[in-house]
Amino acid sequence: MKFVCLGFYDANQHAELSEAEGQRMMEACLDYDDELRRGGHFIGGEALQSAENAVTLRIKNGAVDVTDGPYAETKEMLGGILLLEARDLTHAIALMSQHPGVKVGPFEIRPADAEVNALIAARGANVAREQSGGLNDTAIDLMLGVFRDHLTWLEDAVADIPDERLAEQPGGVVNHPAWTLSHLNATLCFLLGLLDETEGDSAEEENKKYGNGSIPVTDRSQYASQSELLATLKQRHELVDSAIRAKHREYFSRPTPEKLREFAPTIGRIAIFLLASHESYHLGQLMQWRRAAGFKKE
């Protein structure tokens, strides 16, 4: 069973302790918390600042009234909360009776309300799903798996093309491989910027040159070498994979820059599009270029 232990202290008594005595008491409490951890009883806890820093909210005359100080002016003030796992109330009492904090004030022990807490946990899970664009970790794994496949297919699609031919526009096919790889790199840079990754710092500059609306040119010198383009694509794929796994719950519900909101109102929407669809679309264009340029796979 889970129990919530409210630790109180006498502010006047605490003020009479010397600095060394206060430090010894703190160390003793922390040491016992460690004992509870080792036994699998310490779930968590929070220490509170002085009640002098508290504010109390009440409704007065239909409006919220804010007053300085704790809810109740008592001799003993709430100093912290400890979440405890115990077999039953008797076991919880036995465990907390040995806590050094009892020497400076009482502990109030209450069983946690399992039914209400289950409802709270379910609501929390719903919000987490909303914030991740409705995607759970399994869906993220599947989407990133497709994203990894795109990298393999893109590398394979340009592997046999000589570097000097990457900017050709055969048969009127404008989007040549040099521009396509530069464009995909710029797009991933943009996504990393939305996720507050440092690799995204150059997104604005790259998107001016290779983003939506940019015009592919046949001047080969305007693009990086094939090896550099592929190395950047691979590096940014890895960075995006790590950033999405770490940040999708926090970031996917955030709004995109205003100019993109009609197309993709949230970072999650644009991330899903870029991971699942964007590269496959340009892969199709690469295959069209290959046919026009006379490249065929054995």
Side-chain angles (χ1 to χ4, degrees), residues 143-195 197 199-241 243-244 256-257 259-265 267-298:
M143 184 171 62
L144 289 173
V146 173
F147 183 56
R148 286 193 299 275
D149 289 341
H150 289 165
L151 176 61
T152 300
W153 298 334
L154 287 164
E155 290 173 331
D156 186 57
V158 300
D160 59 344
I161 303 173
D163 189 285
E164 64 272 13
R165 295 194 61 185
L166 287 179
E168 292 180 4
Q169 294 177 326
V173 179
V174 176
N175 290 354
H176 52 63
W179 177 86
T180 298
L181 293 175
S182 300
H183 173 69
L184 295 178
N185 281 333
T187 303
L188 293 181
C189 185
F190 169 70
L191 178 56
L192 288 165
L194 291 180
L195 296 170
E197 296 290 313
E199 180 73 16
D201 291 347
S202 61
E204 184 175 355
E205 178 183 352
E206 289 190 38
N207 276 277
K208 283 180 181 178
K209 295 176 67 176
Y210 309 119
N212 288 335
S214 64
I215 299 175
V217 298
T218 56
D219 182 355
R220 183 67 187 86
S221 66
Q222 297 300 305
Y223 305 93
S225 70
Q226 184 188 68
S227 60
E228 290 172 328
L229 289 169
L230 289 174
T232 299
L233 188 66
K234 183 176 181 179
Q235 178 193 31
R236 289 183 178 172
H237 259 252
E238 292 171 352
L239 292 171
V240 166
D241 186 291
I244 293 293
T256 52
K259 63 182 180 180
L260 296 174
R261 286 180 196 167
E262 185 175 351
F263 168 69
I267 290 177
R269 287 285 296 277
I270 200 165
I272 292 167
F273 166 72
L274 293 178
L275 296 178
S277 302
H278 185 244
E279 289 185 334
S280 62
Y281 171 78
H282 285 287
L283 181 64
Q285 292 185 338
L286 268 179
M287 302 314 291
Q288 181 186 20
W289 183 96
R290 287 180 59 85
R291 288 190 293 271
F295 289 92
K296 294 182 180 179
K297 289 290 183 185
E298 296 297 332

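If you take CD on Gln169 and CG on Asn175, they are separated by 8.0 Å, rounding to the nearest 0.5 Å. In this structure, CG on Leu194 lies 10.0 Å from SG on Cys189, to the nearest 0.5 angstrom. Here the straight-line distance linking atom CG of Leu188 with atom CG of Leu239 works out to 9.5 Å at 0.5 Å rounding. Within the model, atoms CG of Leu181 and CD of Glu155 stand 10.0 Å from one another, a figure rounded to the nearest 0.5 Å. Note: Leu184 CG to Thr232 OG1 = 12.0 Å, rounded to the nearest 0.5 Å. Taking NZ from Lys234 and CG from Leu154, the interatomic distance works out to 13.5 Å, rounded to the nearest 0.5 Å.
When the shell of 6.0 Å around CD of Glu164 is examined, it contains more than 12 heavy atoms from other residues, nucleotides or ligands. Annotation for Arg165: atom CZ counts as buried by contact number, over 12 foreign heavy atoms lying within 6.0 Å.
No salt bridge links Arg236 with Glu279; every basic N to acidic carboxylate O contact stays at or beyond 4.0 Å.
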Checklist entry - Please walk me through it: do Ile161 and Trp289 pass side chain to side chain contact (heavy atoms under 4.5 Å, CB included)? => result CA-CA 11 Å; Ile161 303 173; Trp289 183 96; 3.5 Å; yes
Item to check | Verdict with supporting geometry, Thr187 and Glu206, side chain to side chain contact (heavy atoms under 4.5 Å, CB included) | outcome: CA-CA 9 Å; Thr187 303; Glu206 289 190 38; over 6 Å; no
Item to check | side chain to side chain contact (heavy atoms under 4.5 Å, CB included) between Trp153 and Asp156, intermediate numbers included | outcome: CA-CA 5 Å; Trp153 298 334; Asp156 186 57; 5.6 Å; no
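Under the 3.5 Å distance criterion, with hydrogens and angles disregarded, a donor-acceptor pair is assigned to the side chains of Glu228 and Ser225. Using a 3.5 Å distance cut-off with no hydrogens or angles, the side chains of Ser214 and Trp179 do pair a donor with an acceptor.
Here the shortest heavy-atom pairing between Ala224 and Arg220 reads O-NH2, 3.0 Å. The shortest heavy-atom contact between Ala243 and Leu195 is CB-CD1, 3.8 Å. Shown here for Leu191 and Ala271, the closest heavy-atom pair between the two residues is CD1-CB, 4.0 Å. Scanning all heavy atoms of the two residues, the minimum distance from Ile215 to Tyr223 falls at O-OH, 4.3 Å. In plain terms, the two heavy atoms of Asn207 and Ala186 that are nearest each other are ND2-O, 3.3 Å. For the residue pair Phe295 and Asp160, the shortest heavy atom distance occurs at CE2-O, 3.6 Å.
Judged purely by atom type and a 3.5 angstrom limit, Ser182 has no side-chain atom pairing as donor or acceptor with the backbone of Tyr210. No side-chain donor-acceptor contact under 3.5 Å links Glu199 to the backbone of Gln235.
Ring geometry for Phe273 against Phe263 counts as perpendicular: the plane angle is over 60°, on a 0 to 90° scale with 30° as the lower cut.
The aromatic ring centres of His150 and His282 sit 6.0 Å or more apart.
With a 4.5 Å cut-off on side-chain heavy atoms, Phe190 and Asn212 do not count as touching. Residues Gln285 and Tyr281 have side chains in contact (heavy-atom distance under 4.5 Å, counting atoms from C-beta outward).
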